[in-house]
Each structure stands twice: as C-alpha cells, then as structure tokens.
Amino acid sequence: MARNNEIPEVNAGSMADIAFLLLIFFLVTATIQTDMGLDRKLPPKDTTPPLPINERNIFRVSLNKNNELLVEDDRMQMQDLKDAAITFLDNGGTMVGNEDYCNYCLGERSSSSSDNPNEAIIAFSSDREAAYGTYILVQNELTAAYNELRNREAQRLFKSDFTEMEKAYFDPKISAKTKLELKENINQIRSMFPMRLSEAQTNMNL
Amino acid sequence: MKNYRKSKKRLPAISTASLPDIVFMLLFFFMTVTTIKNNTLLVDNNLPNAEEVKKLEKKDRIIEIFVGKPSRELVEVLGTEPRIQLDNKLANVNDVAPYVLSELSKKPDAIRNLVTVSLKVDKDVKVGIVSDIKEELRKVNLLKVNYTTYEGNAFANVK
C-alpha cells in the first residue's frame, strides 16, 4: 500500500529523439538567405543636359550580345579589365602646379588618359542581350578596381583597408565616437577616389 | 577484496542524461540563425557570384524583386521567357513601379529614404529586362539598388 503512494519518475529517455526530430526539421526547412551584393545608385531622372566631359576622362566599357568585353573600342579579356581600370583611374594626367594636380596618384601621368580621379568617369553600357552573370562580373571587376585604389590610400593614411573600415562602420556593435571618426576617414578616402560609374547612355561617336 | 576487484572490471555506463540538453542547444542555435523564406519562389533564382560584396544590413529596409525563368513546374504554362516576381505573384515590367511604391508606403516615415531595392536576378537572364526594371525604379525615384549575389569567384559566372 505504501509503495503505491510514490510518484513514478517520468521517463526522459525519448527527449533526445524528439529534440533531434525538431532539429532535423529546422535544418531541412530553413535556408540561410543571401543578403549581400553590389550596391549601386541609379542616376536621378531629370532633364538637365549633361556637362560636356573631355573624352580622355571617360573610360568606355561595353558588353555586346555575345558577352564580349569592349574597352575603348578594343576587345579585352575579363582578367585584364581591373588593371586597365586602375591604370585609367590612377593616371593623374594634370601637370604639377595646376590646381587639380593629383598628388597621390601613382599612374603613368599620360596626357591621353584621365586628368584626375575626381574627374575620371567609367561609362559602362551593356547590350540588352548580354547575360546577367557577365554583367555582374564586369560590375564586380570595376568595383574591385575602385576598392583596390581606395584600400591603397587607406593603408597609406590610416593603416587599415578601406573595405575593413566600411565593414566596421556598418557593424552595429560599434561605439558612436569611433563611428564618427570612421565616417570622416571613409569620406576622405571616398573623395580621393569617388566612384563615378555611369550606366547612362553616353553618346558614342562611332 | 575479491568483491572490489570484480566491480572494477565492469565499465560504468556513460550517462546520456545531458544529450537532450546538447541537442536542444543545437536546435535553438539553428532556430535563431536561419531565416525561413517568407515567399515561395515562382522563378528560378540562381544568383551570380561576386567578390566585392557588401552586406545588406537591416531587413526592414529592403524591397525584393526576383527575376528569372519560370520554375520547372510552371514552364509548361508560362514558357521559358524570364519573368518578374513581386511578392508572391508574377508580374510585368510596368507593375514594378506601383508595387515598389505600395511597399514603400508600408514602411515607417523615418526609414523611407533609406530603402534599398534588392534585385535578385538569375544569372542566365538577359540584361535587357534588368535595365527595364532599373528604368522603372528611376521613374519613381528609388535610386538605391543592390544587385544581390552569392559571395564567390565572379569568373564562375561565365561558363
């Protein structure tokens, strides 16, 4: 009689099985969504006529319907695009003494290429029939060119990569003070190599 | 003495009492880390790769647009021409602007000018349809776009 009064212990042996079942269910149904990509800003739609730009300050990149790359009217391999863009942006063709002389450029200072990184424009146009994958590849290579130059300057001035600085800036755990400091540094680098990547229809005089 | 030696020979059973705890910990980890997709894809969405990517931070500041060929089950009905998916239905290019504006009006005022449009485009789609969408977005003055990609070698996009 006394034995019956004891509360029997609940068997927890199957708890692990239940938990495993739930775990496997979540593993199968849930997918980690990609939330990264290339940021771009589209040009605003207004009717102001564009300022005349010197042809030497424009770097024309185009993609034809067979996914072939044309740079300044010559065919080019995808692998060479980044270096070509860096050579163009980093040229700094204005002579010493002029007001927009680029004192941090390490390029060839050729008079037939861009005057100053602030004026250099990359004009990218793509045929409607080109594949999106190739289009992203070109965008990626051009971004890589900008990032490499910006990293170089950030290393020189702040001993840190520009991409790392940006990543730290968007980190939610950062304190307000360092954020302000970083913002200043980021803006300084951005003004040295502003990203002037145009996808608008630029007139080509062929 | 004899008794002691006898008990030493038998290995003690490993306690499995903490196993449920461990598994629950794993379970909670996966539950918090993963996000369940909130809309079913009606189009193929094999994103291209890129290396110079930036993370899209806050989920509430994003409007998604999917582009791709209709998925395999729908090919018989819809053909293989690339389509645009807005929310949970397929749409045409001229539906993009009204959709984006209605999504934008659902957002709180404070973040309205921080909204980014995430273009999730299949890598085999032609650029034409993407530039049409961008043209629509320019019309409604939503200029921040993000070409959403996977992180990886971009040269893998060209076969």
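On a predicted model such as this, the values are computed, not experimentally measured, just so you know.
Proximity to chain B is limited to the side chain of A:E166, based on heavy atoms less than 4.5 angstrom apart. Only the backbone of B:D122 comes within contact range of chain A, with heavy atoms under 4.5 Å apart. For A:D17, no part lies under 4.5 angstrom from a heavy atom of chain B. In this structure, no portion of B:I62 lies under 4.5 Å from any heavy atom of chain A. Of the atoms belonging to B:V121, heavy atoms from both backbone and side chain fall under 4.5 Å from chain A. Of the atoms belonging to B:N49, it is backbone heavy atoms, and not side-chain ones, that fall under 4.5 Å from chain A. Heavy atoms of A:N147 lying under 4.5 Å from chain B belong exclusively to its side chain. Of the two parts of B:L142, only the backbone, made up of N, CA, C and O, holds a non-hydrogen atom closer than 4.5 Å to a non-hydrogen atom of chain A.
Legend: residues meeting ring-ring contact (aromatic ring centres under 6.0 Å, His included) with A:Y104, ordered by chain and number and at least two apart, are A:F193. Under the side chain to side chain donor-acceptor pair (under 3.5 Å) criterion, B:S131 pairs with no residue at all, not counting sequence neighbours.
Looking only at heavy-atom pairs under 4.5 Å with chain A, the residue among B:K144, B:E51, B:K139 that has the most is B:E51.
Shortest non-hydrogen contact noted between B:V127 and A:D127 is CB-O, 3.7 Å. Closest approach of B:F155 to A:M78, counting heavy atoms only: CE2-CB, 3.5 Å. For the pair B:T148 and A:M36, the tightest heavy-atom approach, listed with the atom from each and the gap, is CG2-O, 3.3 Å.
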Query - Test log, rule salt bridge (charged side-chain N to carboxylate O under 4.0 Å, His left out), inputs A:R128 and B:D132 - result: CA-CA 10 Å; A:R128 291 183 65 88; B:D132 288 343; 2.8 Å; yes
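Remark: A:K41 NZ is loosely packed, at most 12 non-hydrogen atoms of other residues, nucleotides or ligands lying under 6.0 Å away. Within a 6.0 Å sphere centred on CD of A:Q188, heavy atoms belonging to other residues, nucleotides or ligands number more than 12. Annotation for B:K134: atom NZ counts as buried by contact number, over 12 foreign heavy atoms lying within 6.0 Å.
A:Y132 and B:Y147 share no side-chain donor-acceptor pair at under 3.5 Å.
Note that CD of B:E52 is 13.5 Å distant from OH of A:Y146, once rounded to the nearest 0.5 Å.
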